[in-house]
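Presented below is the structure to which this report refers.
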Amino acid sequence: MIAMTNGFEEEAAAFAAAMPDRANADRIPLSARARFARPTPYLDALNPAQREAVETLDGPVLVLAGAGTGKTRALTARIAHLLNTGRARPNEILAVTFTNKAAREMKARIGDLVGGAIEGMPWLGTFHSLSTKLLRRHAELVGLKSSFTILDTDDQLRLLKQLVAAASIDDKRWPARLLAGLIDGWKNRALTPDRVPSSEAHAFAYQGTELYAAYQERLKVLNACDFGDLLLHVVGILQHHPDVLEKYQRWFRYILVDEYQDTNVAQYLWLRLLAGGHRNIACVGDDDQSIYGWRGAEVGNILRFEKDFPGAKVVRLEQNYRSTPHILAAASGVIAANESRLGKTLWTDLAEGEKVRLIGHWDGEEEARWIGEEIEALSRGSRGLDPIPLDGMAILVRATHQMRAFEDRFLTIGLPYRVIGGPRFYERLEIRDAMAYFRVAVSPDDSLAFERIVNTPKRGLGDKAVQELNRTAREHEVSLLDAARILVRDGGLAPRARGALGGLVADFDRWHELVQEGADHVALAEQILDESGYTAMWQNDKTPEAQGRLENLKELVKGLAEFENLQGFLEHVALVMDNETDENAEKVSIMTLHAAKGLEFPAVFLPGWEDGLFPSQRAMDESGLKGLEEERRLAYVGITRAERLCTISFAANRRVYNQWQSSMPSRFIDELPEEHVEVLTPPGLYGTGSGAAAASSTLADVAARADVYASPGWRRMAARTTERTGARHEPRNMTIDATAVATAHEIGARVFHQKFGYGTVEAVEGEKLLIAFDKAGSKHVVARYVTAADEIPF
DNA sequence: GTCTGCGAGGTTTTT
DNA sequence: CCTCGCAGAC
């Protein structure tokens, strides 16, 4: 969602700088090379395998890097080495990652290694950001203008919805989401509409390819791309324009790819084309950590690397620097059950440490309660280990809905936590709206953005007005904003609507002029939000979310200051949808297993190991054995996140959509090697057990117990036990300090809570308050998590 | 054109 | 249970 109408010249200039003419380049390198001809201290820090991965500079290299084996270190050292030996200058190295985070990290680490002497690496980035750069340069070859807009998922869905409606197809039969998924899938596999295999284009799906083709047409008219297009267009250009291909093949002397196991077909083609000349391509990956098959990643890419690049050198990194032997052995035991893998044997010379702990619980709430207590104990330094800070602990769940139990519990006991990977900042409604305003102000032809906010806040421009706008736009072949201009001029629409529309057009004209004049963009952004009435809309909104939304808008405007201008910001946002929550506060992390890849924590909790949940029923239904193996890799990723302590748990009963459902322990539990696992007895089983200290039993016992759990007799017994000892688990809370008392609240006071919104205090129970929330109902909440209602800004 | 109430569905996610 | 989207009422 960007447009580069006036920013493009700058972009082009930057591009030229990043990629000077070959002839010109040859005059520079001597000095540049001399500058990097230095000793190689970064090599000394490497083990033999890593060294091999770094020093094998020519020809194809596949580095199979197991979890925690120093993959990033090898990759960055390799880049440093390329620079240092004068093999390539910074702008001749193409280094590809999947996430912006990984790209940032790598940039930082290379800077450290080379002493920050390189002026950045212009071609280090994600597949998508690099593709954008290339595509802006050659857009005309695929019928786009270099100022093309990048659509986000939201734009994409709205567009598809329109197309479905326009084709008078039942939108029940073709929900936009389904269609978007289908199209994404095709694009992942580099299939243009005409190339979708007929087997998939049959009957039902036939309409799908028609719609796909219509969608592509529409994108061209809008001068827009979706994420898949960024890659696909580049692949198309490289395939159909040998001169362009050759130019880049020669320019990028060395290619490096991170997380190769996650590449999809389109990305694979992209790489193979660019590496086709010299074949100096180094791919780093771990087939055991391929967990994105469901979104098009092809483990096959890594499995058949040697076939694609004959003569490839394969280097295995097997020494693990992260986890203790027990943890490593448990992970290896699980992953060994997978059939299709290249196979690696991880080893470590770290001290033995704790066994992986396994515990079963009666239900999900008890699991959350137990983990909460464990976390508090571990942070105090109980359990015979050195204290682990809260931010050294993580709960890794299979599905987001598991997070809730933990959030509820931690709110109740006042345990600070952070949820990673919730709704992302830039995906929030208010942020998208605000950005739509910016987009139109920057590029008045961005019709999708215009349509999004034409009636937000309400201006009396409903469906009918929008239809009329679209009709006029089509008739005159102009953008929506120009269509609005025409309607206003010619007296179309009802007088009221016409007035409102005229006002909006005048607003955008004014703002656009300010953009052109190069007015201060932060002030301008604020002005736009103000004058459009958007800020006022939320200020007048009485729902609990409104406050947060206003906060977010403030945050957005604040964030703008980091960019040179609005267009720079919009480009950034289009490609970088992550939000850095860099609160450094000590908090426990809650996230999905997917989000945890690449991270590590001293202590990791893996709850919800139940068949159906993990492995997920859906994955197995949809992808069978392949799905199961991917789930198993997910288990492997989860366990290998742990440095010192890994605790796996399952619950016999879980509430799913308000229905109680009892389940069996995950089949992965059976795959844990017994000698590396310590089985804990759940609290409550004998009425008085309190946590982890209780007697050990065997895996078989636990499995058997799970059966017992499901029996009616046990339920009755457990119900009695919990009733009798219900209060026993309330922990003496040591994370609460004097501040809790300082924020005293009285019965009847109006308060505000981040998650639950506004409410009235009904009772004060020590450090906890019983609050009747306006929207969320009555809840017990720790006092310091609420503020008096009138303390809230705005 | 906007608001309300009812029904259907329920997501692992990055760009 | 909760959220979102749509149809129908105002």
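Each chain gets a letter, A, B and so on, in the order its sequence line appears, and its residues count up from 1. What you see is a predicted model, and the numbers here were worked out from it, not measured in a lab. The figures that follow rest on heavy atoms only: side chains count, while hydrogens, waters and symmetry mates do not.
Spacing between atom NZ of Lys101(A) and atom P of dT15(B) amounts to 10 Å, rounded to whole angstrom units. Rounded to whole Å, atom C1' of dT11(B) lies 14 Å from atom CD of Glu631(A). The interatomic distance linking Gln267(A) (CD) with dT15(B) (C1') rounds to 9 Å, in whole Å. Atom CH2 in Trp270(A) sits roughly 15 Å away from atom P in dT15(B) (whole-Å rounding). For Lys626(A) and dT12(B), the NZ to C1' distance is 16 Å, given to the nearest whole Å. For the pair Glu259(A) CD and dT15(B) P, the computed distance is 12 Å after rounding to whole Å. In this structure, NZ of Lys597(A) is placed 12 Å from P of dT15(B), rounded to the nearest angstrom. We find that CD1 of Ile590(A) is positioned 15 Å from P of dT12(B), with the value rounded to whole Å.
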Expected rows: protein N/O vs nucleotides 2-6 of chain B N/O, under 3.5 Å:
{"from": "dT2(B)", "atom 1": "OP1", "to": "Gly460(A)", "atom 2": "N", "distance (Å)": "3.4"}
{"from": "dT2(B)", "atom 1": "OP2", "to": "Asn455(A)", "atom 2": "ND2", "distance (Å)": "3.2"}

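A salt bridge (Lys or Arg N to Asp or Glu O under 4.0 Å) with Asp433(A) is found for one member of Arg452(A), Arg549(A), Arg439(A) and no other, namely Arg452(A).
Between the side chains of Asn301(A) and Tyr260(A), no donor-acceptor pair is found at a separation under 3.5 Å. Under the 3.5 Å distance criterion, with hydrogens and angles disregarded, no donor-acceptor pair is assigned to the side chains of Asn264(A) and Glu298(A). Under 3.5 Å, the side chains of Glu367(A) and Gln402(A) contain no donor-acceptor pair of N or O atoms.
Across dG1(B), dT12(B), dT11(B), the shortest atom-to-atom separation from the side chain of Ala465(A) is found for dG1(B). Comparing dT13(B), dT15(B), dT11(B) by their closest approach to the side chain of His128(A) singles out dT15(B). With distances taken from any side-chain atom of Tyr292(A) to the nucleotides dT11(B), dT13(B), dT15(B), the minimum falls on dT13(B).
Partners of Gln216(A) under the side-chain contact (heavy atoms from CB on, under 4.5 Å) rule, at least two apart in sequence or in another chain, are Lys187(A), Pro193(A), Tyr212(A), Leu219(A), Asp229(A). In this view, Thr472(A) and Glu468(A), His476(A), Ala483(A), Ile486(A), Leu487(A) satisfy the side-chain contact (heavy atoms from CB on, under 4.5 Å) rule, not counting sequence neighbours.
The pair Glu571(A)-Arg136(A) meets the salt-bridge criterion, with a side-chain N (NZ, NE, NH1 or NH2) lying under 4.0 Å from an Asp/Glu carboxylate O. A salt bridge links Glu630(A) with Arg633(A): the distance from a Lys NZ or Arg NE/NH1/NH2 to an Asp or Glu carboxylate oxygen falls below 4.0 Å.
Toward the 5' end of DNA chain B, the nearer of the two residues Ala399(A) and Gly228(A), judged by each one's closest nucleotide, is Ala399(A). For Val466(A) and Leu634(A), each mapped to the nucleotide of DNA chain B holding its nearest heavy atom, the one lying further toward the 5' end belongs to Val466(A).
The P atoms of dC2(C) and dT13(B) are separated by 22 Å, rounded to the nearest whole Å.
Distances shown here put every side-chain N or O of Asn100(A) at or beyond 4.0 Å from the OP1 or OP2 atom of dT14(B). Listed pair Arg618(A) / dT12(B) fails the phosphate criterion, with no side-chain N or O lying under 4.0 Å from OP1 or OP2. Proximity of Thr592(A) to the phosphate of dT13(B): a side-chain N or O atom is located under 4.0 Å from OP1 or OP2.
An aromatic stack links Trp294(A) and the base of dT12(B), using centre distance under 5.5 Å and interplanar angle under 30°.
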